[in-house]
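Worksheet: one structure, shown below.
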Protein chains: 2
Amino acid sequence: MSSPKKILIADDEPDILEIIQFNLAAEGFEVITAKNGDEAIELAKKHLPDLIILDVMMPGKTGIETCNILRTHPALKETLIIFLSALSDEGTEIRGLESGADDYLTKPIRPKILISKVIALFRRLKKENESIVKHGDLIINKESYLINYKGDDIILARKEFELLSLLASKPGKVFLRNEILNQVWGTEVIVGDRTIDVHIRKIRQKLNLDCITTVKGVGYKFEL
Amino acid sequence: MSSPKKILIADDEPDILEIIQFNLAAEGFEVITAKNGDEAIELAKKHLPDLIILDVMMPGKTGIETCNILRTHPALKETLIIFLSALSDEGTEIRGLESGADDYLTKPIRPKILISKVIALFRRLKKENESIVKHGDLIINKESYLINYKGDDIILARKEFELLSLLASKPGKVFLRNEILNQVWGTEVIVGDRTIDVHIRKIRQKLNLDCITTVKGVGYKFEL
DNA sequence: AGAATGCCTTAACAATTTGATAATACAGTA
DNA sequence: TACTGTATTATCAAATTGTTAAGGCATTCT
(Lines give C-alpha, C1' and ligand atoms only; values in the text may rest on other atoms or scores of the structure.)
Protein backbone atom coordinates (compact mmCIF):
# COMPACT_ATOMS: atom_id res chain seq x y z
CA MET A 1 0.00 0.00 0.00
CA SER A 2 2.23 2.71 1.28
CA SER A 3 5.78 2.92 2.48
CA PRO A 4 5.23 1.58 5.99
CA LYS A 5 4.78 4.14 8.71
CA LYS A 6 7.30 3.97 11.51
CA ILE A 7 5.97 3.78 15.04
CA LEU A 8 8.11 4.02 18.17
CA ILE A 9 6.75 2.52 21.38
CA ALA A 10 8.19 3.21 24.83
CA ASP A 11 7.03 1.20 27.83
CA ASP A 12 8.89 -0.42 30.70
CA GLU A 13 6.60 -3.43 30.80
CA PRO A 14 7.84 -6.01 28.30
CA ASP A 15 4.41 -7.64 28.03
CA ILE A 16 2.68 -4.49 26.94
CA LEU A 17 5.50 -3.67 24.58
CA GLU A 18 5.12 -7.02 22.94
CA ILE A 19 1.34 -6.91 22.65
CA ILE A 20 1.40 -3.52 21.02
CA GLN A 21 4.29 -4.37 18.77
CA PHE A 22 2.62 -7.56 17.61
CA ASN A 23 -0.66 -5.87 16.79
CA LEU A 24 0.81 -2.90 15.01
CA ALA A 25 3.24 -5.03 13.06
CA ALA A 26 0.33 -7.23 11.99
CA GLU A 27 -1.22 -4.10 10.46
CA GLY A 28 1.89 -3.50 8.42
CA PHE A 29 3.51 -0.81 10.53
CA GLU A 30 7.22 -0.74 11.14
CA VAL A 31 7.66 -0.88 14.90
CA ILE A 32 10.58 0.22 17.05
CA THR A 33 10.56 -0.37 20.80
CA ALA A 34 12.20 1.38 23.72
CA LYS A 35 12.29 0.38 27.39
CA ASN A 36 12.37 3.89 28.84
CA GLY A 37 12.25 7.58 28.08
CA ASP A 38 15.95 8.04 27.40
CA GLU A 39 16.04 5.18 24.97
CA ALA A 40 12.91 6.52 23.30
CA ILE A 41 14.53 9.92 22.80
CA GLU A 42 17.65 8.36 21.35
CA LEU A 43 15.73 6.10 18.98
CA ALA A 44 13.35 8.86 17.98
CA LYS A 45 16.24 11.06 16.88
CA LYS A 46 17.75 8.20 14.97
CA HIS A 47 14.69 6.84 13.18
CA LEU A 48 12.39 9.89 13.04
CA PRO A 49 9.21 7.85 13.45
CA ASP A 50 5.82 8.99 12.25
CA LEU A 51 4.17 8.22 15.57
CA ILE A 52 5.45 7.79 19.11
CA ILE A 53 3.49 5.90 21.74
CA LEU A 54 4.67 6.72 25.26
CA ASP A 55 3.79 5.06 28.53
CA VAL A 56 3.26 7.75 31.13
CA MET A 57 4.63 5.78 34.08
CA MET A 58 8.16 4.73 33.39
CA PRO A 59 11.21 4.55 35.62
CA GLY A 60 13.50 7.50 35.03
CA LYS A 61 11.78 10.02 32.81
CA THR A 62 8.00 9.94 32.71
CA GLY A 63 6.23 9.89 29.40
CA ILE A 64 5.26 13.52 29.75
CA GLU A 65 8.84 14.58 30.46
CA THR A 66 9.96 12.53 27.51
CA CYS A 67 7.34 14.18 25.32
CA ASN A 68 8.48 17.64 26.32
CA ILE A 69 12.07 16.79 25.44
CA LEU A 70 11.05 15.26 22.12
CA ARG A 71 9.15 18.41 21.22
CA THR A 72 12.30 20.49 21.59
CA HIS A 73 13.82 18.71 18.62
CA PRO A 74 12.94 20.42 15.36
CA ALA A 75 12.47 17.21 13.43
CA LEU A 76 10.11 15.83 16.07
CA LYS A 77 7.97 18.90 16.61
CA GLU A 78 5.21 17.64 14.37
CA THR A 79 5.43 13.95 15.17
CA LEU A 80 2.25 12.32 16.39
CA ILE A 81 2.33 11.30 20.05
CA ILE A 82 -0.06 9.06 21.96
CA PHE A 83 0.16 8.53 25.73
CA LEU A 84 -0.65 5.29 27.46
CA SER A 85 -1.44 5.11 31.12
CA ALA A 86 -2.75 2.75 33.71
CA LEU A 87 -4.00 5.72 35.63
CA SER A 88 -7.39 6.96 34.78
CA ASP A 89 -6.32 10.11 36.49
CA GLU A 90 -7.98 13.08 34.92
CA GLY A 91 -5.25 15.53 35.86
CA THR A 92 -2.51 13.46 34.30
CA GLU A 93 -4.50 12.91 31.16
CA ILE A 94 -5.10 16.63 30.76
CA ARG A 95 -1.47 17.43 31.38
CA GLY A 96 -0.53 14.84 28.81
CA LEU A 97 -2.71 16.38 26.15
CA GLU A 98 -1.56 19.86 27.05
CA SER A 99 2.05 18.89 26.66
CA GLY A 100 1.37 18.43 22.98
CA ALA A 101 0.14 14.88 22.62
CA ASP A 102 -2.51 13.92 20.11
CA ASP A 103 -4.30 11.27 22.12
CA TYR A 104 -4.36 9.54 25.46
CA LEU A 105 -5.35 5.93 25.99
CA THR A 106 -5.88 4.20 29.32
CA LYS A 107 -4.81 0.69 30.03
CA PRO A 108 -5.80 -2.03 29.71
CA ILE A 109 -4.86 -1.70 26.08
CA ARG A 110 -7.50 -2.88 23.66
CA PRO A 111 -5.45 -3.59 20.57
CA LYS A 112 -8.22 -3.00 18.03
CA ILE A 113 -9.08 0.34 19.57
CA LEU A 114 -5.42 1.31 19.54
CA ILE A 115 -5.11 0.41 15.89
CA SER A 116 -8.26 2.33 14.98
CA LYS A 117 -6.96 5.39 16.75
CA VAL A 118 -3.56 5.13 15.12
CA ILE A 119 -5.17 4.88 11.71
CA ALA A 120 -7.52 7.78 12.47
CA LEU A 121 -4.53 9.94 13.38
CA PHE A 122 -2.56 9.01 10.27
CA ARG A 123 -5.59 9.74 8.13
CA ARG A 124 -5.28 13.39 9.06
CA LEU A 125 -1.66 13.56 7.97
CA LYS A 126 -0.10 14.24 4.64
CA LYS A 127 0.64 11.31 2.42
CA GLU A 128 3.90 12.34 0.86
CA ASN A 129 6.03 9.26 1.04
CA GLU A 130 3.38 6.94 -0.21
CA SER A 131 4.63 4.82 -3.04
CA ILE A 132 1.12 4.00 -4.13
CA VAL A 133 -1.45 6.74 -4.41
CA LYS A 134 -5.09 6.07 -5.13
CA HIS A 135 -7.68 8.57 -6.16
CA GLY A 136 -10.95 7.04 -7.14
CA ASP A 137 -10.34 4.73 -10.06
CA LEU A 138 -6.85 6.08 -10.60
CA ILE A 139 -3.90 4.28 -9.05
CA ILE A 140 -0.40 5.66 -9.24
CA ASN A 141 2.37 3.28 -8.34
CA LYS A 142 5.61 5.14 -7.90
CA GLU A 143 7.65 2.00 -7.43
CA SER A 144 6.74 0.32 -10.68
CA TYR A 145 6.13 3.57 -12.57
CA LEU A 146 2.67 2.39 -13.50
CA ILE A 147 -0.65 4.13 -13.79
CA ASN A 148 -3.82 2.15 -13.64
CA TYR A 149 -7.20 3.59 -14.49
CA LYS A 150 -10.30 1.45 -14.05
CA GLY A 151 -8.23 -1.68 -14.37
CA ASP A 152 -6.29 -0.65 -17.46
CA ASP A 153 -2.58 -0.03 -17.23
CA ILE A 154 -1.45 3.20 -18.76
CA ILE A 155 2.17 3.78 -19.64
CA LEU A 156 3.54 7.25 -19.14
CA ALA A 157 7.02 8.39 -20.05
CA ARG A 158 9.29 9.28 -17.15
CA LYS A 159 8.76 13.02 -17.16
CA GLU A 160 5.06 12.60 -17.64
CA PHE A 161 4.93 10.20 -14.75
CA GLU A 162 6.92 12.41 -12.44
CA LEU A 163 4.79 15.37 -13.31
CA LEU A 164 1.56 13.51 -12.61
CA SER A 165 2.97 12.05 -9.41
CA LEU A 166 3.88 15.47 -8.17
CA LEU A 167 0.49 16.96 -8.88
CA ALA A 168 -1.33 13.96 -7.41
CA SER A 169 0.78 14.02 -4.27
CA LYS A 170 -1.35 16.91 -3.07
CA PRO A 171 -4.71 16.87 -4.75
CA GLY A 172 -6.25 20.30 -4.84
CA LYS A 173 -2.98 22.13 -4.33
CA VAL A 174 -1.98 24.41 -7.14
CA PHE A 175 1.61 23.86 -8.17
CA LEU A 176 3.27 26.93 -9.61
CA ARG A 177 5.20 26.48 -12.82
CA ASN A 178 8.41 27.24 -10.97
CA GLU A 179 7.56 24.69 -8.34
CA ILE A 180 7.00 22.08 -11.01
CA LEU A 181 10.23 22.93 -12.78
CA ASN A 182 12.22 22.64 -9.56
CA GLN A 183 10.64 19.37 -8.51
CA VAL A 184 10.58 17.57 -11.85
CA TRP A 185 13.44 19.13 -13.77
CA GLY A 186 15.67 20.32 -10.95
CA THR A 187 17.10 23.76 -10.45
CA GLU A 188 20.02 23.31 -12.85
CA VAL A 189 18.17 22.52 -16.01
CA ILE A 190 16.54 25.31 -17.93
CA VAL A 191 13.82 24.43 -20.35
CA GLY A 192 11.50 26.46 -22.49
CA ASP A 193 8.13 27.84 -21.56
CA ARG A 194 6.00 25.35 -23.43
CA THR A 195 7.68 22.22 -22.14
CA ILE A 196 5.38 21.81 -19.16
CA ASP A 197 2.30 22.39 -21.28
CA VAL A 198 3.28 19.73 -23.74
CA HIS A 199 3.77 17.16 -21.01
CA ILE A 200 0.50 18.11 -19.38
CA ARG A 201 -1.22 17.67 -22.70
CA LYS A 202 0.27 14.24 -23.20
CA ILE A 203 -0.85 13.16 -19.75
CA ARG A 204 -4.36 14.40 -20.36
CA GLN A 205 -4.36 12.64 -23.71
CA LYS A 206 -3.09 9.32 -22.42
CA LEU A 207 -5.29 9.26 -19.34
CA ASN A 208 -8.26 10.55 -21.28
CA LEU A 209 -9.51 11.82 -17.95
CA ASP A 210 -10.16 15.33 -16.80
CA CYS A 211 -8.05 15.37 -13.66
CA ILE A 212 -5.58 18.19 -14.24
CA THR A 213 -6.96 21.67 -13.98
CA THR A 214 -5.22 24.75 -15.31
CA VAL A 215 -5.21 27.77 -13.05
CA LYS A 216 -4.30 30.48 -15.46
CA GLY A 217 -1.47 32.70 -14.40
CA VAL A 218 -0.72 30.41 -11.48
CA GLY A 219 -0.13 26.77 -12.35
CA TYR A 220 -1.78 23.37 -12.44
CA LYS A 221 -3.58 21.22 -9.91
CA PHE A 222 -4.74 17.66 -9.71
CA GLU A 223 -8.29 16.83 -8.75
CA LEU A 224 -10.95 14.36 -9.67
CA MET B 1 -7.99 31.11 11.87
CA SER B 2 -9.13 34.38 13.22
CA SER B 3 -12.70 33.99 14.36
CA PRO B 4 -13.65 31.70 17.24
CA LYS B 5 -13.97 28.04 16.30
CA LYS B 6 -17.48 26.80 15.70
CA ILE B 7 -18.51 23.53 17.28
CA LEU B 8 -21.72 21.69 16.53
CA ILE B 9 -23.02 19.24 19.13
CA ALA B 10 -25.73 16.67 18.47
CA ASP B 11 -27.24 14.71 21.34
CA ASP B 12 -30.79 13.80 22.21
CA GLU B 13 -30.23 14.21 25.96
CA PRO B 14 -30.75 17.88 26.87
CA ASP B 15 -28.63 17.55 30.02
CA ILE B 16 -25.56 16.38 28.16
CA LEU B 17 -26.09 18.98 25.49
CA GLU B 18 -26.15 21.67 28.09
CA ILE B 19 -23.12 20.47 30.01
CA ILE B 20 -20.99 20.28 26.89
CA GLN B 21 -22.27 23.55 25.55
CA PHE B 22 -21.55 25.30 28.81
CA ASN B 23 -18.02 24.00 29.07
CA LEU B 24 -17.04 24.66 25.49
CA ALA B 25 -18.60 28.10 25.51
CA ALA B 26 -16.61 28.87 28.64
CA GLU B 27 -13.47 28.14 26.64
CA GLY B 28 -14.45 30.68 24.03
CA PHE B 29 -15.86 28.36 21.40
CA GLU B 30 -18.98 29.20 19.47
CA VAL B 31 -21.40 26.37 20.11
CA ILE B 32 -24.37 25.22 18.06
CA THR B 33 -26.64 22.43 19.30
CA ALA B 34 -28.83 19.89 17.56
CA LYS B 35 -31.26 17.37 19.05
CA ASN B 36 -30.84 14.66 16.44
CA GLY B 37 -28.97 13.59 13.35
CA ASP B 38 -31.18 15.32 10.81
CA GLU B 39 -31.00 18.60 12.63
CA ALA B 40 -27.23 18.19 12.88
CA ILE B 41 -26.91 17.70 9.13
CA GLU B 42 -29.04 20.74 8.44
CA LEU B 43 -27.13 22.95 10.86
CA ALA B 44 -23.78 21.65 9.69
CA LYS B 45 -24.52 22.64 6.09
CA LYS B 46 -25.69 26.03 7.24
CA HIS B 47 -22.91 26.92 9.65
CA LEU B 48 -19.95 24.85 8.38
CA PRO B 49 -18.55 24.21 11.88
CA ASP B 50 -14.92 23.39 12.52
CA LEU B 51 -15.78 20.43 14.73
CA ILE B 52 -18.84 18.24 15.08
CA ILE B 53 -19.53 16.21 18.22
CA LEU B 54 -22.03 13.41 17.61
CA ASP B 55 -23.76 11.18 20.09
CA VAL B 56 -23.80 7.66 18.71
CA MET B 57 -27.15 6.66 20.16
CA MET B 58 -29.83 9.01 18.96
CA PRO B 59 -33.41 8.43 17.89
CA GLY B 60 -33.74 8.44 14.12
CA LYS B 61 -30.29 8.48 12.53
CA THR B 62 -27.44 7.17 14.63
CA GLY B 63 -24.29 9.23 14.99
CA ILE B 64 -22.43 6.97 12.61
CA GLU B 65 -25.12 7.26 9.94
CA THR B 66 -25.10 11.00 10.43
CA CYS B 67 -21.34 11.06 10.07
CA ASN B 68 -21.47 9.17 6.80
CA ILE B 69 -24.00 11.60 5.38
CA LEU B 70 -21.98 14.59 6.53
CA ARG B 71 -18.92 13.24 4.78
CA THR B 72 -20.73 13.27 1.45
CA HIS B 73 -21.02 17.03 1.60
CA PRO B 74 -17.96 18.62 -0.05
CA ALA B 75 -17.47 21.38 2.48
CA LEU B 76 -17.70 18.92 5.39
CA LYS B 77 -15.34 16.27 4.08
CA GLU B 78 -12.46 17.46 6.23
CA THR B 79 -14.38 18.64 9.25
CA LEU B 80 -13.26 17.19 12.58
CA ILE B 81 -15.72 14.74 14.10
CA ILE B 82 -15.81 13.29 17.62
CA PHE B 83 -18.23 10.56 18.68
CA LEU B 84 -19.76 10.29 22.12
CA SER B 85 -21.22 7.10 23.44
CA ALA B 86 -22.53 5.55 26.60
CA LEU B 87 -21.55 2.19 25.24
CA SER B 88 -18.09 1.07 25.89
CA ASP B 89 -18.66 -1.33 23.07
CA GLU B 90 -15.46 -2.03 21.23
CA GLY B 91 -17.09 -2.84 17.93
CA THR B 92 -19.06 0.37 17.82
CA GLU B 93 -16.05 2.41 18.74
CA ILE B 94 -14.01 0.88 15.95
CA ARG B 95 -16.80 1.37 13.42
CA GLY B 96 -17.06 4.97 14.53
CA LEU B 97 -13.39 5.63 13.96
CA GLU B 98 -13.45 3.77 10.66
CA SER B 99 -16.31 5.88 9.40
CA GLY B 100 -13.98 8.82 9.43
CA ALA B 101 -14.17 10.22 12.93
CA ASP B 102 -11.16 11.69 14.67
CA ASP B 103 -11.89 10.59 18.20
CA TYR B 104 -14.32 8.61 20.28
CA LEU B 105 -15.21 9.44 23.88
CA THR B 106 -17.25 7.31 26.23
CA LYS B 107 -19.75 8.72 28.67
CA PRO B 108 -19.85 9.83 31.35
CA ILE B 109 -18.43 12.97 29.84
CA ARG B 110 -15.57 14.49 31.75
CA PRO B 111 -15.67 18.08 30.58
CA LYS B 112 -12.01 18.82 31.11
CA ILE B 113 -10.96 15.76 29.16
CA LEU B 114 -13.31 16.71 26.37
CA ILE B 115 -11.89 20.21 26.21
CA SER B 116 -8.34 18.91 26.20
CA LYS B 117 -9.13 16.58 23.35
CA VAL B 118 -10.86 19.29 21.36
CA ILE B 119 -7.88 21.56 21.78
CA ALA B 120 -5.48 18.77 20.86
CA LEU B 121 -7.39 18.13 17.64
CA PHE B 122 -7.47 21.79 16.67
CA ARG B 123 -3.77 22.08 17.44
CA ARG B 124 -3.00 19.25 15.06
CA LEU B 125 -5.27 20.59 12.35
CA LYS B 126 -3.84 24.07 12.49
CA LYS B 127 -0.44 22.83 11.41
CA GLU B 128 -1.90 21.43 8.23
CA ASN B 129 -4.43 23.99 7.10
CA GLU B 130 -2.83 27.34 7.46
CA SER B 131 -3.58 28.40 3.94
CA ILE B 132 -7.31 28.23 4.46
CA VAL B 133 -9.17 31.28 5.69
CA LYS B 134 -12.78 31.10 6.77
CA HIS B 135 -15.25 33.89 7.34
CA GLY B 136 -18.73 32.64 7.99
CA ASP B 137 -19.88 30.73 4.93
CA LEU B 138 -17.01 32.01 2.87
CA ILE B 139 -13.88 29.91 2.61
CA ILE B 140 -10.78 31.20 0.88
CA ASN B 141 -8.32 28.48 0.01
CA LYS B 142 -5.04 29.97 -1.10
CA GLU B 143 -3.59 26.59 -1.85
CA SER B 144 -6.18 25.60 -4.40
CA TYR B 145 -6.95 29.14 -5.49
CA LEU B 146 -10.61 28.47 -4.79
CA ILE B 147 -13.34 30.40 -3.09
CA ASN B 148 -16.14 28.40 -1.57
CA TYR B 149 -19.40 30.01 -0.60
CA LYS B 150 -22.06 27.87 1.04
CA GLY B 151 -20.64 24.76 -0.54
CA ASP B 152 -20.25 26.12 -4.05
CA ASP B 153 -16.83 26.63 -5.54
CA ILE B 154 -16.28 29.98 -7.19
CA ILE B 155 -13.41 30.58 -9.56
CA LEU B 156 -11.77 33.97 -9.53
CA ALA B 157 -9.06 35.17 -11.88
CA ARG B 158 -5.64 35.71 -10.37
CA LYS B 159 -5.86 39.42 -9.69
CA GLU B 160 -9.38 39.05 -8.40
CA PHE B 161 -8.33 36.28 -6.06
CA GLU B 162 -5.31 38.18 -4.77
CA LEU B 163 -7.40 41.27 -4.23
CA LEU B 164 -10.07 39.40 -2.28
CA SER B 165 -7.43 37.53 -0.29
CA LEU B 166 -5.83 40.79 0.70
CA LEU B 167 -9.06 42.41 1.81
CA ALA B 168 -10.21 39.28 3.65
CA SER B 169 -6.87 38.92 5.42
CA LYS B 170 -7.96 41.72 7.73
CA PRO B 171 -11.72 41.90 7.89
CA GLY B 172 -12.94 45.35 8.88
CA LYS B 173 -9.71 47.07 7.96
CA VAL B 174 -10.04 49.68 5.26
CA PHE B 175 -7.36 49.25 2.60
CA LEU B 176 -6.36 52.44 0.87
CA ARG B 177 -6.19 52.35 -2.88
CA ASN B 178 -2.44 52.83 -2.72
CA GLU B 179 -2.09 50.01 -0.27
CA ILE B 180 -3.99 47.70 -2.59
CA LEU B 181 -1.92 48.73 -5.57
CA ASN B 182 1.32 48.03 -3.74
CA GLN B 183 0.21 44.67 -2.41
CA VAL B 184 -1.50 43.27 -5.46
CA TRP B 185 0.20 45.03 -8.34
CA GLY B 186 3.59 45.79 -6.82
CA THR B 187 5.38 49.09 -6.70
CA GLU B 188 6.81 48.85 -10.20
CA VAL B 189 3.63 48.59 -12.17
CA ILE B 190 1.54 51.67 -12.66
CA VAL B 191 -2.07 51.26 -13.59
CA GLY B 192 -4.96 53.62 -14.02
CA ASP B 193 -7.44 54.78 -11.41
CA ARG B 194 -10.39 52.67 -12.44
CA THR B 195 -8.55 49.37 -12.54
CA ILE B 196 -9.22 48.52 -8.92
CA ASP B 197 -12.90 49.39 -9.24
CA VAL B 198 -13.31 47.07 -12.15
CA HIS B 199 -11.79 44.16 -10.29
CA ILE B 200 -13.84 44.87 -7.20
CA ARG B 201 -16.91 44.84 -9.37
CA LYS B 202 -16.02 41.49 -10.88
CA ILE B 203 -15.51 39.99 -7.44
CA ARG B 204 -18.86 41.30 -6.23
CA GLN B 205 -20.49 39.96 -9.34
CA LYS B 206 -18.97 36.50 -9.12
CA LEU B 207 -19.50 36.10 -5.39
CA ASN B 208 -22.96 37.62 -5.57
CA LEU B 209 -22.47 38.53 -1.94
CA ASP B 210 -22.25 41.88 -0.27
CA CYS B 211 -18.93 41.51 1.52
CA ILE B 212 -16.84 44.35 0.12
CA THR B 213 -17.77 47.78 1.32
CA THR B 214 -16.71 50.98 -0.37
CA VAL B 215 -15.43 53.69 1.91
CA LYS B 216 -15.73 56.72 -0.23
CA GLY B 217 -12.59 58.76 -0.59
CA VAL B 218 -10.60 56.17 1.30
CA GLY B 219 -10.71 52.65 -0.04
CA TYR B 220 -12.37 49.27 0.43
CA LYS B 221 -12.89 46.87 3.30
CA PHE B 222 -14.02 43.30 3.65
CA GLU B 223 -16.78 42.41 6.07
CA LEU B 224 -19.72 40.09 6.27
C1' DA C 1 27.34 -1.33 -36.06
C1' DG C 2 23.16 0.21 -38.16
C1' DA C 3 18.31 0.64 -37.80
C1' DA C 4 14.33 1.42 -35.24
C1' DT C 5 11.89 3.14 -31.57
C1' DG C 6 10.47 6.22 -28.14
C1' DC C 7 11.34 10.33 -25.20
C1' DC C 8 12.14 15.15 -24.52
C1' DT C 9 12.38 19.61 -26.11
C1' DT C 10 11.51 23.35 -29.09
C1' DA C 11 9.27 26.25 -32.47
C1' DA C 12 5.35 28.11 -34.52
C1' DC C 13 0.85 29.21 -34.46
C1' DA C 14 -4.03 28.96 -32.60
C1' DA C 15 -7.14 29.57 -28.91
C1' DT C 16 -8.31 31.33 -24.76
C1' DT C 17 -8.34 34.14 -20.73
C1' DT C 18 -7.12 38.03 -18.34
C1' DG C 19 -6.19 42.84 -17.36
C1' DA C 20 -6.40 47.71 -18.33
C1' DT C 21 -8.58 51.54 -20.33
C1' DA C 22 -11.94 54.73 -21.83
C1' DA C 23 -16.37 56.28 -21.99
C1' DT C 24 -20.46 56.82 -19.67
C1' DA C 25 -23.80 56.47 -15.96
C1' DC C 26 -24.68 56.99 -11.19
C1' DA C 27 -24.51 58.63 -6.15
C1' DG C 28 -23.50 61.69 -2.55
C1' DT C 29 -22.60 66.26 -1.01
C1' DA C 30 -21.70 71.21 -0.55
C1' DT D 1 -26.48 72.46 -9.85
C1' DA D 2 -21.74 71.58 -9.96
C1' DC D 3 -18.35 68.74 -8.16
C1' DT D 4 -16.11 64.67 -6.67
C1' DG D 5 -15.60 60.04 -6.43
C1' DT D 6 -17.35 55.37 -7.64
C1' DA D 7 -20.00 51.79 -10.65
C1' DT D 8 -20.72 49.76 -14.93
C1' DT D 9 -19.96 48.32 -19.43
C1' DA D 10 -17.75 47.33 -23.69
C1' DT D 11 -13.63 46.95 -26.00
C1' DC D 12 -8.96 45.96 -27.13
C1' DA D 13 -4.26 44.66 -26.05
C1' DA D 14 -1.45 41.61 -23.61
C1' DA D 15 -0.43 37.58 -21.31
C1' DT D 16 -0.96 32.84 -20.95
C1' DT D 17 -1.91 28.33 -22.35
C1' DG D 18 -3.21 24.61 -25.95
C1' DT D 19 -1.94 22.09 -29.97
C1' DT D 20 0.69 20.16 -33.46
C1' DA D 21 4.69 18.85 -35.84
C1' DA D 22 9.49 18.21 -36.28
C1' DG D 23 14.23 17.29 -34.87
C1' DG D 24 17.86 15.79 -31.59
C1' DC D 25 19.21 12.42 -28.55
C1' DA D 26 19.47 8.18 -26.23
C1' DT D 27 18.21 3.45 -25.84
C1' DT D 28 17.03 -0.89 -27.64
C1' DC D 29 16.78 -4.27 -31.11
C1' DT D 30 18.53 -7.01 -34.98
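Lettering follows sequence order; numbering is per chain, from 1.
Only B/V198, B/H199, B/K202, B/K216, listed by number, bring a heavy atom of residues 197-222 of chain B to less than 4.0 angstrom from any atom of DNA chain C. The stretch residues 184-192 of chain B touches DNA chain C through B/W185, B/V191, B/G192, each having a heavy atom under 4.0 angstrom from the strand.
No salt bridge links A/D210 with A/R204; every basic N to acidic carboxylate O contact stays at or beyond 4.0 Å.
In this structure a side-chain-to-backbone donor-acceptor pair under 3.5 Å is missing from B/R177 to B/G217. In this structure, B/K6 contributes its side chain and B/H47 its backbone to a donor-acceptor pair below 3.5 Å. Under a 3.5 Å cut-off, the side chain of B/K159 and the backbone N or O of B/H199 do not form any donor-acceptor pair. The backbone N or O of A/V218 lies less than 3.5 Å from no partner atom in the side chain of B/R158, so there is not a single donor-acceptor pair. Put simply, the side chain of B/D55 never gets that close to the backbone of B/M58: no donor and acceptor are under 3.5 Å apart. At distances below 3.5 Å, not a single donor-acceptor pair connects side-chain atoms of B/K61 with backbone N or O atoms of B/I69. Side chain of A/D102 to backbone of A/I81: a donor-acceptor contact under 3.5 angstrom is found.
Rounded to a whole Å, the CZ atom of B/R194 is 10 Å from the P atom of D/dG5. Rounded to whole angstrom, the span from the CZ atom of B/R177 across to the C1' atom of D/dG5 amounts to 8 Å. Taking atom NZ on B/K159 and atom C1' on D/dT16, their separation rounds to 13 Å, with Å as the unit. Atom C1' of nucleotide D/dT17 and atom CZ of A/F175 are separated by 19 Å, given to the nearest angstrom.
For A/K221 and B/Y145, the positive end is not near the middle of the six-membered ring at less than 6.0 Å and at most 45° from its axis.
Note that the first and last nucleotides of DNA chain C, 5' to 3', having any atom under 4.0 angstrom from a heavy atom of chain A are C/dC7 to C/dT17.
Under 3.5 Å, the side chains of B/E223 and B/T213 contain a donor-acceptor pair of N or O atoms.
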